Amino acid sequence: MNGIQPFRHIDPSSLDPENYTESLLKEGIRTGLVTDAGAEHVKNGLIAALTDVIGYYTERESSSLKTERVASLSDSLIYNIDTYLKSITDPGRALEELLRSRATDLYTKGYKINLELYRNARVLYGKVRLTRLKTDDEQYNTIIDRYFYNYLTNYDARFSADGKIYLFAKKYGCHGAYHIDGAVEVLQNFLRINSGNSPDVTLEDFREI
């Protein structure tokens, strides 16, 4: 059974959304749901999955990777796994998935979720640009023209899934660091802000990023 014991329960309040996989495993160990063998199985699986991700990445690079790049790929790996496991509403089932599935498969499932969020963000960004307010507000224009443009241009659901956009504009309902799911919510809010206003660009002016 890959180290999982039946008839015990995970406390959802003990799980950290920002470190979901790690906290899920720790809670499993704390409650006795996960044996030492099960924990070792997960750790070895993550190492193997990182090797796979590095292999995917180095297809486009001939030289060896710097330590910083390996750490970045590891963060993306974990974020994608976190994303998929959090999509399972029952933490007990999420723990079973963690223990019984290949980490690379969990990564791929999370990647698909984040890729869809990214695609949605691109569509929303286009709509925000087309319905934008006619305003000289530098903060509003910078968020749309620089921050979101740069974020969506550089985001990669496979190799930098954990990338954040930093926005501090309380009057526009955003203040803090946002992952791709949060970025979608911010763009949805900007659409609401823009609602009912005439666009200052036409479809012909719009270019996909």
Side-chain angles (χ1 to χ4, degrees), residues 12 15-24 45-46 48-50 52-60 69 72-98 100-132 143-167 172-195 203 206-209:
L15 303 178
D16 179 2
E18 294 296 315
N19 295 283
Y20 194 78
T21 301
E22 180 181 355
S23 63
L24 184 64
L46 292 173
L50 179 58
D52 289 340
V53 173
I54 291 172
Y56 302 149
Y57 185 84
T58 53
E59 286 181 1
R60 43 189 200 180
R69 173 54 62 186
S72 176
L73 293 174
S74 178
D75 290 342
S76 186
L77 164 73
I78 295 299
Y79 185 80
N80 275 325
I81 293 175
D82 282 355
T83 297
Y84 174 64
L85 293 178
K86 285 191 291 185
S87 74
I88 302 172
T89 55
D90 179 2
R93 283 189 55 239
L95 182 61
E96 290 180 7
E97 280 284 295
L98 178 61
R100 295 173 178 172
S101 300
R102 291 176 65 245
T104 301
D105 293 337
L106 300 177
Y107 159 81
T108 300
K109 291 177 179 179
Y111 157 72
K112 290 178 179 178
I113 294 172
N114 286 316
L115 179 61
E116 185 62 25
L117 286 167
Y118 171 63
R119 288 170 174 165
N120 289 341
R122 285 174 59 97
V123 171
L124 287 167
Y125 178 64
K127 291 179 179 179
V128 167
R129 289 186 64 193
L130 287 169
T131 62
R132 66 189 299 158
I143 287 173
I144 295 173
D145 295 329
R146 185 188 304 171
Y147 295 157
F148 265 108
Y149 178 87
N150 290 340
Y151 177 68
L152 295 175
T153 298
N154 292 292
Y155 185 82
D156 186 331
R158 175 172 280 192
F159 300 124
S160 58
D162 60 317
K164 296 178 181 178
I165 182 171
Y166 297 86
L167 302 170
Y172 295 118
C174 52
H175 188 81
Y178 299 88
H179 288 294
I180 189 64
D181 55 341
V184 167
E185 293 179 2
V186 171
L187 286 166
Q188 289 171 335
N189 187 54
F190 266 84
L191 267 183
R192 288 190 287 270
I193 292 170
N194 294 353
S195 178
L203 285 172
F206 177 67
R207 299 291 183 270
E208 284 193 358
I209 63 172

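Since the structure is predicted, the reported quantities are computational estimates derived from the model, not experimental observations.
By the 4.5 Å heavy-atom criterion applied to side chains, Phe148 and Leu167 are counted as neighbours. By the 4.5 Å heavy-atom criterion applied to side chains, Cys174 and Asn189 are not counted as neighbours. Within the 4.5 Å cutoff, no side-chain heavy atoms of Ile78 are placed close to those of Tyr20. Considering only heavy atoms from C-beta on, Ile165 stays 4.5 Å or farther from Val186 through its side chain. You'll find the side chain of Tyr151 reaches within 4.5 Å of the side chain of Ile180, heavy atoms only.
For the pair Tyr149 (side chain) and Ile144 (backbone), a donor-acceptor distance under 3.5 Å is absent.
Considering CD1 of Ile54 and OH of Tyr57, their distance stands at 11.0 Å, rounded to 0.5 Å. The CZ atom of Arg192 sits 10.5 Å away from atom CG of Leu187, with the distance rounded to the nearest 0.5 Å. Here the NE2-CD distance, from His179 to Glu185, works out to 12.5 Å after rounding to the nearest 0.5 Å. Taking CG of Asn114 as the start and OG1 of Thr83 as the end, the distance is 4.0 Å to the nearest 0.5 Å. Here the CG atom belonging to Asp16 is positioned 9.0 Å from the CG atom belonging to Asp82, to the nearest 0.5 angstrom. Separation of atoms OG1 (Thr131) and CG (Asn194) is listed at 4.0 Å; rounding is to 0.5 Å.
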Listed pairs under 3.5 Å, donor-acceptor, residues 104-111 side chains, sequence neighbours left out:
residue	atom	partner	partner atom	Å
Thr104	OG1	Asp52	OD2	2.7
Asp105	OD1	Arg102	NH1	3.0
Tyr107	OH	Arg158	O	2.9
Thr108	OG1	Thr104	O	3.0

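Looking at residues two or more places apart in sequence or on another chain, you find a salt bridge (charged side-chain N to carboxylate O under 4.0 Å, His left out) between Asp145 and Arg132. When the salt bridge (charged side-chain N to carboxylate O under 4.0 Å, His left out) test is applied to Glu22, the partners found at least two apart in sequence or on another chain are Lys26. Residues forming a salt bridge (charged side-chain N to carboxylate O under 4.0 Å, His left out) with Asp181 (at least two apart in sequence, or on another chain): none. With sequence neighbours left out, the ring pair (Phe, Tyr, Trp, His ring centres under 6.0 Å) criterion links Phe190 to Tyr140, Tyr172. For Arg93, there are no salt bridge (charged side-chain N to carboxylate O under 4.0 Å, His left out) partners at least two apart in sequence or on another chain.
Contact detail for Leu24 and Pro91: the closest heavy-atom pair is CD1-O, 3.7 Å. Heavy atoms only, all atoms of each residue included: Ala94 and Leu85 are closest at O-CD2, 3.5 Å.
A donor-acceptor pair shorter than 3.5 Å cannot be found between the side chains of Ser76 and Asp162.
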